[in-house]
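Please read all numbers here as calculations on a predicted model, not as lab measurements.
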Amino acid sequence: MLLSIGCLADDVSRRIYDQFFVEAMVQRQKGNSDAAFDLLRHCQEIDPDAPEVYYFLSQYYNLMKDPESALACVKRAAALAPENETYMETLAQAYIRQQDYASAIPVIENLYERNKEHEDLLEMLFQLYQQVEDYTSAINVLNRLEQNNGKSEHLSVAKSEIYSKMGDGKAVVAEMEALARQFPNDQNFQAMYGDALMMNGHTKKALAVYDKVLAEEPDNNRVLMSLRTYYQSLGETSIVDSLTERVLMNGNASSEDKIHLLRQVISANEMSGGDSTHVLNLFHKMLALPKPDADMAILCASYMNAKQMPKDTIGRVLNKVLELMPEYAAARLQLVGYAWEADDMDRVITLCKDARQYNPDEMAFYYYQGVAYYKRDSLDQALSAFQNGIGVITEESNPDIVSDFYAVMGDILHQKGLAEEAFAAYDSCLQWKDDNIGCLNNYAYYLSERGEQLDKAEVMSYKTVKAEPKNSTYLDTYAWILFMQERYSEAKIYIEQALQNLDDSLNNEVIIEHAGDIYALNEDIDRALDLWRDAQTKKPEDQLLLRKIKQKKYLRE
């Protein structure tokens with residue numbers, strides 16, 4: 001960067017100025033902004049006509065959120081050294097930041113006149129002239145760019161857009177006609193000329209241009225879409241449908257164009273009543289192509305979901321999605337959900353195994369695979385799935401799923417006789433979600449079975465009762481913990497509530513036996529015997545229960 005040093009009255013003053021300015025730059029390099037700012041202010045006092053001081057002061061005023069002072073300083077720097085491009089560019093940017101586009105324009109025009117190799121300045125001027133709605137000058141800038149680089153689609157389209165803003169349809173047509181004449185073999189430019197004619201009321205000429213383009217390129221997507229829009233405006237439904245299908249089956253049309261068109265078709269279909277037959281027919285034709293598009297299959301599945309179509313029908317399309325894009329996790333997760341609802345654990349396991357190949361960092365697949373093995377009583381395989389999944393848990397993971405992940409893992413470890421490891425898993429579960437009710441209940445119950453940390457167990461169990469006051473399992477756990485704490489009368493209150501809320505679809509013999517134990521230690525042996533006998537009918541081989549009945553008293557194992 002070239003700095004213009006101001007003139008001082010004498011050599012002594014210059015040396016003093018230089019000393020302070022150099023020190024200011026040293027402090028600036030060290031990041032000591034306050035010291036640098038103070039030194040620059042002192043330099044300003046020594047030489048109020050030093051442009052470099054104002055330039056650097058403007059930067060500090062910007063840091064201080066004082067844009068007015070920053071602008072004043074850079075204006076002063078540019079005025080003192082108008083030949084300095086850095087100062088002038090900084091001034092232009094300062095005007096633009098304050099949205100003073102009219103002031104920025106002459107500064108940039110001046111910079112371009114000095115150095116016409118900087119075409120980026122012309123691009124900037126084009127934007128600024130539009131901001132101030134000086135469209136004639138904007139066209140002039142585009143003409144300068146065209147003079148430098150020749151006619152191009154980018155410049156012609158930009159010109160036509162400006163002419164449209166000016167309401168000069170004749171100029172729009174002339175501009176696109178000139179582009180088409182310069183590149184007569186580019187059918188897209190001919191199509192753009194046809195579009196300009198159509199948009200400006202020259203329908204017959206436009207249709208003639210379209211016919212000429214299609215004679216050369218029968219699959220020119222731009223013309224097909226333009227014709228579709230034209231016939232749509234005339235209400236020619238059959239022609240519109242034919243052109244729609246022609247575009248969708250067109251190998252030259254991009255995936256984005258096809259999806260955009262299908263979304264238009266879906267929107268129009270919904271507005272006219274929402275009959276999905278026509279839309280689905282288009283999707284089926286698209287997916288029957290030799291090389292169907294994965295994005296089209298995804299859109300089809302989304303449409304079917306929105307229309308709440310049968311799951312087996314949606315499932316076939318989701319399978320097609322995975323065939324085309326096996327790494328698309330959302331489709332596989334939806335299929336996992338369908339298999340889960342159908343209680344098809346084998347299908348869940350297969351889907352999750354495949355997913356781990358394509359989506360090794362998606363924790364949900366480890367979770368569902370582990371739970372599916374667990375429901376099949378394949379504890380070792382379930383535990384392996386969970387242990388493999390721990391490595392993909394991150395801070396961004398869904399806390400609900402991670403919490404359940406550790407909760408089920410804890411249940412498996414407890415069933416395998418690994419109590420300490422199970423309790424560690426439960427602790428991890430509750431770190432992710434401290435109100436995981438299922439985990440709180442199981443953790444509390446297993447602690448009570450061991451007679452350990454009963455106070456902690458009571459706190460956890462009480463949360464479950466508060467959350468679901470009519471859940472017989474949770475009431476039983478809480479009653480049993482109170483029983484283990486020898487708070488028998490309180491235990492009786494909660495076990496009675498558990499008995500009143502028994503779920504007949506579950507095996508309730510443990511709850512009933514617990515009730516017998518609690519009544520026995522509340523000195524109601526007759527009621528205890530009735531409950532033990534009831535429990536004994538459900539597990540006739542339980543020797544401890546038989547001994548309780550025979551000896552008519554509560555017995556520990």
Check residues 375-387 and write down every donor-acceptor pair under 3.5 Å in which the side-chain atom is one partner and the other belongs to a residue at least two apart or another chain.
| residue | atom | partner | partner atom | Å |
| --- | --- | --- | --- | --- |
| R376 | NH1 | D346 | OD1 | 2.3 |
| D380 | OD1 | K416 | NZ | 2.5 |

Any chance you could measure [X], atom [atom1], to [Y], atom [atom2], to the nearest 0.5 Å?
X: L299; Y: S302; atom1: CG; atom2: OG; result: 6.0 Å
X: N471; Y: T464; atom1: CG; atom2: OG1; result: 7.5 Å
X: W432; Y: F405; atom1: CH2; atom2: CZ; result: 11.0 Å
X: L248; Y: L243; atom1: CG; atom2: CG; result: 11.0 Å
X: M296; Y: L287; atom1: CE; atom2: CG; result: 8.0 Å

Quiz item: Hey, are N441 and T477 close enough side-chain-wise for a donor-acceptor pair under 3.5 Å?
Solution: yes

Quiz item: Without hydrogens or angle criteria, can the side chains of E256 and H260 be said to hold a donor-acceptor pair below 3.5 Å?
Solution: no

Mind listing the side-chain donor-acceptor pairs of residues 360-373 below 3.5 Å, one per line with the distance, residues two or more places apart or on another chain?
| residue | atom | partner | partner atom | Å |
| --- | --- | --- | --- | --- |
| E362 | OE2 | A364 | N | 3.4 |
| Y366 | OH | P360 | O | 2.7 |
| Q369 | OE1 | R356 | NH1 | 2.7 |

Heavy-atom side-chain contact between [X] and [Y] under 4.5 Å:
X: Q543; Y: L546; answer: yes
X: I393; Y: Y406; answer: yes
X: L447; Y: M460; answer: yes

Exercise. Can you label the angle between the F283 ring and the Y303 ring as parallel, tilted or perpendicular, going by 30° and 60°?
Key: tilted

Quiz item: In terms of ring plane angle, is the pair Y478 and Y494 parallel, tilted or perpendicular, where the classes change at 30° and 60°?
Solution: perpendicular

Show me the donor-acceptor pairs within less than 3.5 Å that the side chains of residues 197-205 make with the rest of the protein, sequence neighbours left out.
| residue | atom | partner | partner atom | Å |
| --- | --- | --- | --- | --- |
| N200 | ND2 | A196 | O | 2.8 |

Quiz item: What residues, two or more places apart in sequence or in another chain, satisfy side chain to side chain contact (heavy atoms under 4.5 Å, CB included) together with S152?
Solution: H154, L155

Distance-only donor-acceptor pairs under 3.5 Å for side chains of residues 511-519, two or more places apart:
| residue | atom | partner | partner atom | Å |
| --- | --- | --- | --- | --- |
| E513 | OE1 | K539 | NZ | 2.5 |
| E513 | OE2 | K548 | NZ | 2.9 |
| H514 | ND1 | D476 | OD1 | 2.9 |
| H514 | ND1 | D476 | OD2 | 3.3 |
| D517 | OD1 | W532 | NE1 | 3.0 |
| D517 | OD1 | K548 | NZ | 2.8 |
| D517 | OD2 | K548 | NZ | 3.1 |
| Y519 | OH | E496 | OE2 | 2.8 |

Quiz prompt | side-chain hydrogen bond (donor to acceptor under 3.5 Å, both in side chains) against D400, all qualifying residues, sequence neighbours excluded | solution = none

Self-check item: Side-chain (Q190) to main-chain (N185) donor-acceptor, under 3.5 angstrom
Solution: no

Quiz item: Looking only at atom types and distance, does a side-chain atom of R332 sit under 3.5 Å from a main-chain N or O of P326, one as donor and one as acceptor?
Solution: yes

Exercise. Would you confirm whether the ring centroid of Y488 sits within less than 6.0 angstrom of the ring centroid of F483?
Key: yes

Hey, could you give me each pair passing salt bridge (Lys or Arg N to Asp or Glu O under 4.0 Å) that has a residue in [range]? Not counting sequence neighbours.
range: residues 224-248; answer: E245-K285
range: residues 272-282; answer: none
range: residues 439-459; answer: E420-R450, D427-K456, R450-E452, E458-R487
range: residues 287-312; answer: E270-K307, K311-E341

Quiz item: Among all residues two or more places apart in sequence or in another chain, which pass the salt bridge (charged side-chain N to carboxylate O under 4.0 Å, His left out) test with D404?
Solution: none

Exercise. With sequence neighbours excluded, tell me which residues meet salt bridge (charged side-chain N to carboxylate O under 4.0 Å, His left out) with K492.
Key: none

Quiz item: Passes side-chain contact (heavy atoms from CB on, under 4.5 Å), L289 versus M249? Steps please.
Solution: CA-CA 8 Å; L289 289 170; M249 305 299 284; 3.2 Å; yes

